[in-house]
Amino acid sequence: MFFKKKSTPLLGIDISGSAIKLLELSESGGKYRIESYSVEPLPANSVVDKNIADADAVGEAIGRAVKKSGSRTKHGAAAVSGSAVITKIITMSAGLSDEDMESQIQLEADQYIPFPLEEVSMDFEVLGPTEGSEDQVDVLLAASRSENVDLRIAALEVGGLEAKVVDVEAFALENAVSMMARELFGGGEGQVIAVADVGSAATTFSVLENLKIVYSREQAFGGAQLTEDIQRRYGLSYEEAGLAKKQGGLPDNYEPEVLDPFKEAMSQQISRAQQFFFSSSSITQIDHIILAGGCASIAGIAGMIETAIGISTVIANPFTNMTLARRVPAQALSNDAPSLMVSCGLALRSFD
């Protein structure tokens with residue numbers, strides 16, 4: 001399921017903690033075009049700690065996102081979070097067919113997966129020859145509890161879509177970063193690129209070496225804390241505070257007394273995440289930081305982080321060199337771009 005090949009157009013459906021993020025791409029002559037996109041808020045507690053708690057509520061939000069986007073595509077790609085997936089690189093004989101590999105992996109999988117195999121969905125992909133061995137290949141095995149996969153398939157079905165791919169968020173992120181690296185970092189080979197994704201409830205700090213994720217760690221810090229600060233400070237409901245955060249209209253003391261301390265805290269969180277990474281890795285230098293998630297849209301935050309950490313920092317925008325279909329609202333897409341890395345990586349699966 002994770003690596004299923006296909007040629008049909010797919011809607012990339014990122015099911016985050018707070019919203020459904022939908023993206024559809026087309027490709028012609030090596031150039032991509034955004035055909036449709038939308039962001040639809042999720043009901044409270046329908047997704048908890050990246051686990052779907054209410055598949056019907058999530059599915060209904062997916063249906064609203066599809067309607068809002070105007071897309072007629074009926075096939076979707078979703079992803080499970082990294083914490084719900086076990087990945088393992090194993091070596092196998094290079095002469096085996098896909099069928100023989102699958103049989104052998106089924107026989108040996110209990111060595112790698114700490115769950116009963118009847119409760120697990122898994123897939124594999126041949127990465128290439130094993131270094132130093134001509135007759136063996138490295139094979140990436142990915143496995144997750146079937147419940148995690150089935151809930152996403154069910155939610156897409158409620159939303160009127162057929163799940164063609166259930167991917168892993170980390171692999172979708174790799175796809176999007178690889179595309180950005182071609183434009184920004186000379187391809188990204190031989191470089192260490194970190195992605196700090198500051199979402200609503202959590203910050204995920206991922207590090208890619210040669211465009212492959214080698215580290216990922218989640219911290220409990222996100223934009224919800226700023227919303228709660230606004231709520232407390234100005235006596236608003238949580239929903240009113242969220243709208244005010246996005247649309248403006250708060251008193252003059254908002255920036256110096258509420259927003260600036262949050263930006264400082266965000267900068268400290270990313271600096272701390274970097275130090276955690278260095279303490280657990282033999283890698284001693286990061287070449288670039290990509291700032292993603294809803295909080296990446298805060299004015300001036302990239303420069304603040306670059307100054308604090310001393311590493312080139314850019315705001316995530318995987319759409320820089322893409323054209324837009326007429327129905328895609330350019331300004332809204334630009335505002336949401338830092339939050340659409342995973343949905344972009346999923347939509348790119350259309351062209352595998």
E147 side chain near E119 side chain, heavy-atom distance below 4.5 Å: no
Lys/Arg-Asp/Glu bridge criterion (N-O < 4.0 Å) met for K21, D336: no
S144 and S121 side chains, donor-acceptor separation under 3.5 Å: no
Side-chain heavy-atom pair I90, I105 within 4.5 angstrom cut-off: yes
Reported CD1-to-CD1 distance for the pair I193 and I311, which is rounded to 0.5 angstrom: 12.0 Å
Ring-ring centroid check F351 Y32, cutoff 6.0 Å: yes
Donor + acceptor pair across side chains of E24, S71 (<3.5 Å): yes
Distance-only side-chain donor-acceptor flag, Q104 / D100, under 3.5 Å: no
Common cluster, V207/F185, ILVMFWY with side-chain heavy-atom separation under 4.5 Å: no
Rounded distance [0.5 Å steps], CD1 in I34 versus OG1 in T323: 7.5 Å
Verdict with reasoning, L22 to S36, per side chain to side chain contact (heavy atoms under 4.5 Å, CB included): CA-CA 8 Å; L22 176 154; S36 57; 4.2 Å; yes
Ring centers of F221, F262 separated by less than 6.0 Å: yes
Spatial distance of atom CG (L23) from atom CG (L333) [nearest 0.5 Å]: 7.5 Å
Passing option when T130 is tested against D138, T91, D135 for side-chain hydrogen bond (donor to acceptor under 3.5 Å, both in side chains): D138
same_hphob_cluster(V342, L208) at 4.5 Å side-chain heavy-atom cutoff: no
In one Ile/Leu/Val/Met/Phe/Trp/Tyr side-chain cluster, 4.5 Å: V149, L161: no
Any donor-acceptor N or O pair under 3.5 Å, side chains N253, Y234: yes
